[in-house]
Amino acid sequence: MKFFVDTADVNEIKELKETGFLDGVTTNPSLIAKSGRDFKEVVKEICDMLPGLPVSAEVVATDYKGMVDEGKKLAKLASNVVIKLPLTLEGIKATKTFSNEGIKTNVTLCFSAAQAILVAKAGATYISPFVGRHDDIGFDGMELIADIRQIYDNYENFKTEILVASVRHPVHVIQAGKLGADVCTIPPSTIKQLVKHPLTDIGLQNFLKDWEKTGQKI
Ligand code: G3P
């Protein structure tokens with residue numbers, strides 16, 4: 001499973017890049033606004049920090065022509081930019097256009113398996129089903145992932161990668177792994193939670209306490 005980090009905070013990305021398990025970055029208009037940075041500048045900086053790794057940058061136009069125009073501008077920023085498009089009819093049309101031109105796309109704001117079928121038929125590189133926002137209104141977001149995985153696995157020509165988004169906690173990541181999702185995009189704080197377990201900490205402390213008694217050095 002690939003790990004993308006869901007942020008436009010370059011300091012968070014720098015810190016996680018050093019772990020060696022970062023496979024990409026996703027941003028969205030809200031994350032860009034939160035960064036307080038110029039959109040194209042911060043996307044370019046992130047792309048340069050992670051050469052060869054996919055960095056999703058979202059268009060804000062809602063009409064087909066506007067999406068294509070904006071997407072082309074974003075694609076020019078760096079070779080590893082992935083154009084993020086909303087899952088609307090206009091977004092699906094733009095996805096098809098970019099897919100025909102070999103430009104990578106990430107179709108976002110997916111909330112149903114029916115939508116996901118259209119996205120695969122449009123040839124998207126990634127689809128972003130939002131699990132946390134489903135959970136937030138009392139539905140099981142991971143059921144959507146299971147449905148999409150089952151449908152996509154039935155068709156050889158459905159190449160779109162399932163990019164689990166709106167991840168709220170480590171259990172989402174575990175469930176995504178069990179379901180065979182291709183990617184999880186995870187907030188920086190949640191990524192850091194993945195490594196934590198109190199018994200690991202206690203076990204390490206006890207090992208070191210006992211080792212100290214030996215008076216030895218390695
Ligand atoms: O960036 C797409 C998605 O991960 C955002 O999720 O629900 O945390 O805003 P959310």
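What you see below is based on every heavy atom in this structure, not just the backbone, and it leaves out hydrogens, waters and symmetry mates. Counting starts at 1 for both ligands and their atoms, in listed order. We number each residue from 1, following the sequence as shown.
- Contact annotation for K84 and ligand 1: only side-chain heavy atoms (C-beta onward) come within less than 4.0 Å of the ligand.
- Counting only residues at least two apart or on different chains, no ring pair (Phe, Tyr, Trp, His ring centres under 6.0 Å) pair has a member in residues 180-217.
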Please determine whether side chain to side chain donor-acceptor pair (under 3.5 Å) holds for the pair Y64 and T97, giving the CA-CA distance in whole Å, both sets of side-chain angles, and the decisive distance to 0.1 Å. CA-CA 10 Å; Y64 168 76; T97 299; 2.6 Å; yes
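- Put simply, the side chain of T160 never gets that close to the backbone of T125: no donor and acceptor are under 3.5 Å apart.
- Annotation: R168 places an N or O atom under 3.5 Å from an N or O atom of ligand 1; distance criterion only.
- Within the structure, the closest approach of T108 to ligand 1 does not fall below 4.0 Å when heavy atoms are considered.
- Using a 4.0 Å cut-off to heavy atoms of S166, the atoms of ligand 1 that qualify are 3 (C), 4 (O), 6 (O), 7 (O), 10 (P).
- Atom numbering of ligand 1 starts at 1 in the shown order; those under 4.0 Å from a heavy atom of N28 are 1 (O), 2 (C), 5 (C).
- Checking only distances, R133 does come within under 3.5 Å of ligand 1, N or O to N or O.
- Although no hydrogens or angles enter the test, the distance criterion places no donor-acceptor pair under 3.5 Å between the side chain of D6 and the main chain of T185.
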All N/O donor-acceptor pairs, side-chain side in residues 187-194, below 3.5 Å, sequence neighbours left out:
| residue | atom | partner | partner atom | Å |
| --- | --- | --- | --- | --- |
| K192 | NZ | E12 | OE1 | 3.1 |
| K192 | NZ | E15 | OE1 | 3.2 |

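- Within 6.0 Å of CG on L208 lie more than 12 heavy atoms contributed by other residues, nucleotides or ligands.
- Checked against a 3.5 angstrom limit, the closest N/O atoms of T27 and ligand 1 fall outside it.
- In this structure, atom 4 (O) of ligand 1 lies nearest to the protein heavy atom D6 OD2, 2.6 Å.
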